[in-house]
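Below you'll find the structure, written out as structure tokens, and then a few comments.
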Amino acid sequence: MFHVANKILNNYHDAEDVVSESFTKVIEHFDSLSGPISRRTRLFLVTVTERTAIDYYRRKHRLSELPFNENEVNVPSADELEQIENATCIQKAMAMLPTRDREILFLKYYVGLGDDAIGSLMNMKKENVRKTIQRAKVKLAKIMEEMENEGNNR
């Protein structure tokens with residue numbers, strides 16, 4: 001968790017603060033975790049830490065004139081995720097989604113969190129979480145359809 005936070009923030013002390021804040025968020029959803037060494041739990045911890053670090057970065061630099069760019073803080077691109085995972089069709093399609101959509105779908109359908117819990121983790125209103133899930137599912141279906149069409153054209 002510290003490595004993820006430090007990679008985003010490039011500041012040892014800020015990364016420590018983010019890890020502490022992330023643990024507070026994880027404790028709120030401790031019952032939904034499958035086990036301390038499972039892949040699902042690890043992905044959940046990384047996602048919570050990434051989102052917390054990004055939120056921390058935004059809070060700290062709110063008055064700054066520089067716009068926030070997720071590519072500059074080493075958020076994995078769709079290509080990097082595709083190489084790491086040896087993904088199936090749906091995993092490849094998920095990797096092509098924007099980061100926020102991918103994370104929300106992951107928390108909803110893989111971790112099994114409710115809209116309220118996702119909202120508190122992502123600093124979003126419940127209604128915004130629902131709408132983002134709806135839009136992300138439409139995007140995912142479109143990507144999968146395009147992948148299928150490309151496969152048929154070969």
Is there a donor-acceptor contact under 3.5 Å from the side chain of [X] to the main chain of [Y]?
X   : Y    : value
R40 : Y110 : yes
S20 : E16  : no
R51 : M122 : no
N11 : N6   : no

Looking at every heavy atom in both [X] and [Y], which two are closest together, and how far apart are they?
X    : Y    : value
V48  : L121 : CG2-CD2, 3.9 Å
L107 : V111 : O-CB, 3.5 Å
L9   : A15  : CD1-N, 4.0 Å
T49  : S22  : CA-OG, 3.5 Å
A53  : A5   : CB-CA, 4.3 Å
L140 : M94  : CD1-N, 3.7 Å

Check this for me, if you would: do [X] and [Y] make a salt bridge, where the nitrogen-to-carboxylate-oxygen distance has to be below 4.0 angstrom?
X    : Y    : answer
E21  : R59  : yes
K126 : D116 : yes
D101 : R135 : no

Atom pair [atom1] ([X]) and [atom2] ([Y]), whose distance is rounded to the nearest 0.5 Å:
X    : Y    : atom1 : atom2 : answer
I104 : I133 : CD1   : CD1   : 6.5 Å
L113 : S120 : CG    : OG    : 8.0 Å
R130 : T132 : CZ    : OG1   : 12.0 Å
E50  : I54  : CD    : CD1   : 6.0 Å
K139 : L105 : NZ    : CG    : 9.5 Å

Indicate yes or no: at least one non-hydrogen side-chain atom of [X] is less than 4.5 angstrom from one of [Y].
X    : Y    : answer
K137 : K142 : no
V18  : Y57  : no
M96  : R102 : no
M124 : I118 : no
M1   : V46  : no

Compute the ring centroids of F106 and F44, then answer whether they are less than 6.0 Å apart. no
For K25, look at atom NZ and say whether over 12 heavy atoms of other residues, nucleotides or ligands are found less than 6.0 Å away. yes
